[in-house]
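What follows is a set of notes on a single structure, which appears directly below.
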Amino acid sequence: MTYKILVVEDEISIATLLQYNLQQAGYEVVVANDGKDGLHKAILEKPDLILLDLMLPKMDGMEVCKELRIKKINTPIIMLTAKDDEFDKVLGLELGADDYMTKPFSPREVMARVKAVLRRSKVTEVVKEEEEHVEQTYSFGQLQVLPDRFEAFLGEEVLEFTPKEFELLVYLLENKNRVLTRDQLLSAVWNYDFAGDTRIVDVHISHLREQIEENSRKPKFIKTIRGLGYKFEEPKL
């Protein structure tokens with residue numbers, strides 16, 4: 001299977017370099033040089049991954065990311081930014097980006113991030129009725145998660161997650177009652193073979209809590225283990 005990657009970058013030299021390296025690695029590449037064209041191609045081309053620059057003409061990367069998530073398009077997004085600004089990075093993750101990279105970056109790092117995201121971004125899209133498969137279901141009170149269907153419910157409410165948020169939730173469920181460090185979560189969910197930014201984990205945990213907790217400031221499911229990491233617990237009745 002050949003993965004299709006959309007590169008949305010207005011600096012022609014960077015866009016060309018990314019296109020060349022991705023094509024050399026065997027990916028199909030589509031390029032857009034401004035935000036509006038990037039949004040249009042993200043919808044039309046249905047890429048498997050988007051490399052999205054933050055500062056773009058016509059529509060910036062934040063707006064593109066926001067619009068895609070509003071339209072329920074959950075294509076994985078790696079945000080590219082020349083700003084070494086924590087606010088921009090965290091805001092990008094809050095709007096639904098899966099990862100970010102700060103310029104300048106090496107082709108090797110780009111390839112590593114792309115492979116890591118693609119390796120875990122594919123979830124089951126269609127569950128065939130005739131398939132002899134026992135679906136895994138996690139149920140905790142009002143919370144129900146069906147990994148094979150990429151579905152989650154809180155009572156009658158359908159929960160909406162990005163692919164990376166859902167992967168993180170399922171991993172926490174698979175390791176219920178185990179304390180997981182941020183580095184463990186980075187390795188398992190983001191497949192980082194090198195030191196990553198653990199704030200990515202914190203932002204995604206915050207998103208999960210907003211969806212599944214009655215009070216995200218007093219979580220019953222996802223507990224913070226001070227000095228260590230996080231643990232998913234089934235609330236005691």
Side-chain angles (χ1 to χ4, degrees), residues 65 69 74 76-79 81 84-102 105 109 112-123 136-148 150-155 157 159-237:
C65 183
R69 297 317 186 215
N74 289 321
I77 295 172
I78 299 177
M79 192 78 76
T81 172
D84 189 15
D85 188 324
E86 180 180 343
F87 176 77
D88 284 335
K89 296 170 184 175
V90 173
L91 179 58
L93 294 171
E94 289 177 344
L95 290 175
D98 295 88
D99 199 356
Y100 64 83
M101 295 181 61
T102 302
F105 40 71
E109 183 183 6
R113 295 288 184 97
V114 166
K115 288 178 182 178
V117 172
L118 286 174
R119 205 156 49 220
R120 297 188 64 90
S121 68
K122 289 302 168 185
V123 297
Q136 176 67 59
T137 301
Y138 295 100
S139 296
F140 303 96
Q142 292 288 303
L143 177 64
Q144 185 177 38
V145 181
L146 293 81
D148 291 336
F150 192 69
E151 291 179 350
F153 305 89
L154 192 62
E157 179 186 359
L159 303 178
E160 298 288 344
F161 298 106
T162 66
K164 193 59 63 181
E165 290 167 0
F166 194 78
E167 289 168 31
L168 177 58
L169 176 59
V170 170
Y171 188 75
L172 289 167
L173 292 172
E174 290 173 345
N175 293 275
K176 183 183 69 170
N177 295 325
R178 285 184 57 196
V179 178
L180 301 168
T181 68
R182 291 172 175 82
D183 285 335
Q184 282 178 307
L185 293 170
L186 270 177
S187 176
V189 179
W190 280 266
N191 277 316
Y192 283 177
D193 297 323
F194 48 87
D197 192 332
T198 56
R199 287 173 299 179
I200 295 175
V201 175
D202 297 333
V203 170
H204 282 70
I205 289 289
S206 177
H207 287 183
L208 292 181
R209 284 173 169 164
E210 289 172 4
Q211 290 272 46
I212 71 174
E213 304 282 3
E214 291 182 9
N215 184 344
S216 61
R217 294 188 177 185
K218 296 181 179 179
K220 295 180 180 179
F221 291 114
I222 303 176
K223 299 294 185 68
T224 299
I225 308 302
R226 190 178 299 276
L228 293 174
Y230 299 101
K231 177 172 67 170
F232 187 95
E233 287 186 354
E234 183 173 6
K236 296 180 175 62
L237 298 178

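Quick caveat, the model's predicted, so the values are computed rather than measured.
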Could you go through residues 214-224 and list every donor-acceptor pair under 3.5 Å that involves a side-chain atom there, pairing it with any protein atom two or more places apart or in another chain?
from	atom 1	to	atom 2	distance (Å)
Asn215	OD1	Arg217	N	3.0
Lys223	NZ	Glu233	OE1	3.2
Thr224	OG1	Arg209	NH2	2.7

For Ala97 and Cys65, work out which heavy atoms get closest and say how close.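 Shortest heavy-atom contact: N-SG, 3.6 Å.
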Of all the heavy-atom pairs spanning Gly229 and Arg182, show the shortest one and how long it is.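 Taking every non-hydrogen atom into account, CA-NH1, 4.0 Å.
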Distance alone, cut at 3.5 Å: any donor-acceptor contact between the side chains of Asn175 and Tyr230?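 Tyr230 and Asn175 do not have a side-chain donor-acceptor pair below 3.5 Å.
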Output yes when Arg69 and Asp98 qualify as a salt bridge under the 4.0 Å nitrogen-oxygen rule, no when they do not.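 Salt bridge between Arg69 and Asp98, a charged N being under 4.0 Å from a carboxylate O: yes.
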Using the side chain to side chain contact (heavy atoms under 4.5 Å, CB included) criterion, which residues pair with Glu165? Sequence neighbours excluded.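 Side chain to side chain contact (heavy atoms under 4.5 Å, CB included) check on Glu165 returns Phe161, Thr162, His204, His207, Leu208.
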Roughly how far, to the nearest 0.5 Å, is the [atom2] atom of [Y] from the [atom1] atom of [X]?
| X | Y | atom1 | atom2 | result |
| --- | --- | --- | --- | --- |
| Leu172 | Asn177 | CG | CG | 11.5 Å |
| Phe232 | Leu168 | CZ | CG | 11.0 Å |
| Ile212 | Leu154 | CD1 | CG | 8.0 Å |
| Thr181 | Leu186 | OG1 | CG | 8.5 Å |
| Leu228 | Gln184 | CG | CD | 9.5 Å |
| Asn74 | Ile77 | CG | CD1 | 9.0 Å |

Verify side chain to side chain contact (heavy atoms under 4.5 Å, CB included) between Tyr138 and Leu169, making sure each step is shown before the conclusion. CA-CA 11 Å; Tyr138 295 100; Leu169 176 59; over 6 Å; no
Can I get a per-line list of side-chain donor-acceptor pairs under 3.5 Å for residues 139-146, giving both atom names and the distance, sequence neighbours left out?
none

